[in-house]
Amino acid sequence: MASPFESFHFAGKKALIRVDFNVPLDKQTYAIGDDNRMRAEVPTIVKILKDGGSVILMSHLGRPKEGPETKSSLIHITGHLQSLLTKAVGKEVLVQFANDCIGQEAIDKSAALQAGEVLLLENLRFYKEEEKGDAAFAEKLSKLGDVYVNDAFGTAHRAHASTAVIAQFFAPENKMFGLLMEGEVKAAELVLHKAEKPFTAIIGGAKVSDKILIIENLLERATDIIIGGGMAYTFMKAKGGSIGKSLCEDDRLSTALEILEKAAAKGVNIHLPVDSLVADNFAADANTQVAESNQVPDGWMGLDIGPKAIDSFTAAITRSKTILWNGPMGVFEMEKFQAGTKAIAIAVAKATADGAYSLVGGGDSVAAVNQFGFADQVSYVSTGGGAMLEYFEGKVLPGIAAISNS
Ligand code: AMP
């Protein structure tokens with residue numbers, strides 16, 4: 001069935017789209033580093049332009065503290081956006097820029113916009129009102145377009161003026177998710193509510209404290225939870241192991257034990273790394289050796305999962321029908337400690353080729369699959385780090401609720 005966005009005919013309409021163009025810019029040249037978020041937005045914009053509508057884009061960029069600043073100006077991305085859209089549409093698409101997201105210039109340029117044209121507004125966060133969720137500011141933004149499209153999954157967990165508050169100024173039939181947001185929500189819903197079993201969640205990254213809520217929610221849903229990365233050592237220590245100087249949150253030892261107890265009571269298999277690649281230093285040129293994860297020698301630290309852990313994690317992943325991956329297995333930014341994360345990416349890709357549904361979401365695991373070239377071998381790569389994490393924690397995301405509940 002066609003979605004509200006797909007079935008909406010945008011001819012003659014000005015669509016005000018909240019996008020997430022928070023892309024990394026070079027500090028000196030302002031050249032765009034990773035443009036994935038911009039590319040991900042192209043289909044939504046193109047559908048509106050092809051319908052005969054016009055598009056007004058609003059986004060944030062960086063974390064400006066005190067109003068406008070050159071390094072956080074969206075003007076730096078205008079040229080690249082224009083070339084992406086021109087290529088996608090197949091003819092020249094002019095992207096205009098308004099130096100302020102509200103005020104006369106934005107009003108005039110929006111009003112003058114013709115079918116097939118695009119206007120990019122300056123950074124929303126140049127106004128404190130954006131993050132405060134100020135209703136008057138949201139209302140001013142709302143006046144610029146006829147239809148509100150929220151396609152900013154990356155900020156859907158924030159109740160900001162442009163992501164949530166603005167929705168109240170549009171009639172139910174004139175507000176909707178864009179294609180990117182629809183895709184994100186569909187992927188997350190599939191994993192959270194319609195997961196085919198066995199369902200393996202792979203949770204890694206630095207800290208247990210960041211992942212407690214997601215693990216607790218997954219205990220209700222997954223058949224297997226793989227725990228890797230720095231957070232595994234808090235579990236190892238909680239179970240009585242020696243972890244040397246590996247990352248550990250001593251104030252979370254009892255939480256780790258509780259998680260293990262709950263998992264046992266619910267029949268969820270928790271997989272911890274039996275062995276680790278340990279290093280004598282947190283450095284790219286550190287000396288390394290393989291050790292049992294509960295017998296890390298004094299003065300050494302676990303910076304990646306070891307070969308036995310890779311084998312057992314791979315076995316669990318390849319028998320799965322649904323896979324969620326959040327967080328790397330080691331310090332994958334350094335080549336010496338990449339093997340674990342890379343092996344997991346290979347296993348997830350293999351399981352996907354064999355028919356499993358795989359979603360990679362939330363922060364550094366997304367960077368890892370992109371870096372290792374596996375992004376097109378998994379079912380879905382989320383563009384939203386924090387938002388995806390909160391979704392899997394079972395929270396209601398304001399950006400989604402503002403449209404779904406009206
Ligand atoms: P997170 O944002 O919580 O997903 O954590 C990602 C970070 O965890 C990455 O920067 C990794 O380098 C780091 N990380 C993964 N494994 C370890 C480890 N064993 N020790 C220290 N840091 C780690």
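Remember, predicted model here, so these are calculated numbers, not experimental data. Values below: all heavy atoms of this structure, side chains included; hydrogens, waters and symmetry mates excluded. One-based numbering, in listed order, for ligands and for the atoms of each.
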Can you pull every nitrogen or oxygen pair between ligand 1 and the protein closer than 3.5 angstrom?
residue, atom, partner, partner atom, Å
ligand 1, 3 (O), A206, N, 3.3
ligand 1, 4 (O), K211, NZ, 3.2
ligand 1, 5 (O), A206, N, 3.1
ligand 1, 8 (O), A206, N, 3.3
ligand 1, 10 (O), E333, OE2, 2.5
ligand 1, 10 (O), D364, OD2, 3.4
ligand 1, 12 (O), E333, OE1, 2.7
ligand 1, 12 (O), E333, OE2, 3.3
ligand 1, 16 (N), G230, N, 3.1
ligand 1, 19 (N), G230, N, 3.4
ligand 1, 19 (N), G302, O, 2.9

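Side-chain rings of F5 and F10 approach one another, their centers coming within less than 6.0 Å.
Around CD of E335, the count of heavy atoms belonging to other residues, nucleotides or ligands within 6.0 Å does not exceed 12.
Classification of E220 and K266 as a salt-bridged pair holds, one side-chain N sitting under 4.0 Å from a carboxylate O. Ion pairing of E184 with R37 is absent here, as no side-chain N (NZ or NE/NH1/NH2) approaches a carboxylate O to less than 4.0 Å. Here E182 does not pair with K186 in a salt bridge; the nearest charged N to carboxylate O distance is not below 4.0 Å.
Panel note: side chain S276, backbone V278; no donor-acceptor pair is recorded below 3.5 Å.
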